[in-house]
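Along the sequence shown, residues carry numbers from 1.
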Amino acid sequence: MMMSTVHRYHHPPPLPRPSLSRREVEVLRTWFACDSKSQAGARLNVSVGTINTHLGRIRAKYSAVGRAAPTKASLVARALQDGIVDIEEL
């Protein structure tokens with residue numbers, strides 16, 4: 001006797017998202033588009049220290065929602081997951 005199986009696809013719950021400011025998103029996207037923090041700073045007319053400050057705050061916000069992002073690669077992954085950047089932009 002063959003039994004019919006009903007497949008139910010459960011979508012995982014949405015990932016908790018940190019509340020990034022517009023400027024933090026701008027810094028993140030610019031850094032992804034550049035080869036270095038100094039190049040990102042030059043594009044945004046800010047120092048590397050300011051870039052580092054923004055990135056530190058972004059990382060802290062991701063950690064606070066349980067999605068640590070200690071490396072550039074992990075920040076790229078979070079940005080992709082959250083729709084901050086598209087793969088074509090990288």
| said: Tell me whether R17 contacts the main-chain N or O of V65 through its side chain, where contact means a donor paired with an acceptor under 3.5 Å. | reply: no

| field | T50 and V27: CA distance, side-chain angles, deciding distance, side chain to side chain contact (heavy atoms under 4.5 Å, CB included) verdict | value | CA-CA 10 Å; T50 299; V27 168; over 6 Å; no

| said: I87: which residues meet the side chain to side chain contact (heavy atoms under 4.5 Å, CB included) condition with it, sequence neighbours left out? | reply: L80, L90

| query | If only atom types and distance count, is the side chain of K61 paired as donor or acceptor with the main-chain N or O of S19 below 3.5 Å? | reply | yes

| task | Please list, chain by chain and in numerical order, all residues satisfying side chain to side chain contact (heavy atoms under 4.5 Å, CB included) with R57, sequence neighbours excluded. | result | E24, T53

| message | I need the full list of salt bridge (Lys or Arg N to Asp or Glu O under 4.0 Å) pairs touching residues 30-50, with sequence neighbours left out, sorted by first then second residue. | response | none

| field | Which residues share a side chain to side chain contact (heavy atoms under 4.5 Å, CB included) with N45, sequence neighbours left out | value | none

| message | Holding to side chain to side chain donor-acceptor pair (under 3.5 Å), I want the full list of residues that pass it with R67, two or more places apart in sequence or in another chain. | response | Q81, D82

| request: Grab the two heavy atoms, one from W31 and one from A40, that are nearest each other, plus how far apart they are. | output: CA-CB, 3.9 Å

| field | Minimum side-chain heavy-atom gap L28-V85 below 4.5 Å | value | no

| query | Quick one: side chain to side chain donor-acceptor pair (under 3.5 Å) partners of E89, sequence neighbours excluded? | reply | R29

| task | Would you please name every residue forming a side chain to side chain contact (heavy atoms under 4.5 Å, CB included) with T71, sequence neighbours left out? | result | A73, S74

| Quick one: CD1 on I51 to SG on C34, what's the gap to the nearest 0.5 Å? | 8.0 Å

| message | I'd like to know whether K72 forms a side chain to side chain contact (heavy atoms under 4.5 Å, CB included) with F32, so could you lay out the CA-CA distance, the side-chain angles of the two residues, the decisive distance to 0.1 Å, and finally the verdict. | response | CA-CA 8 Å; K72 187 172 188 176; F32 292 160; 4.2 Å; yes

| note | Sequence neighbours excluded, the answer for side chain to side chain donor-acceptor pair (under 3.5 Å) partners of S63 is none

| Taking only residues two or more places apart in sequence, or in another chain, which ones meet R23 in a side chain to side chain donor-acceptor pair (under 3.5 Å)? | E26

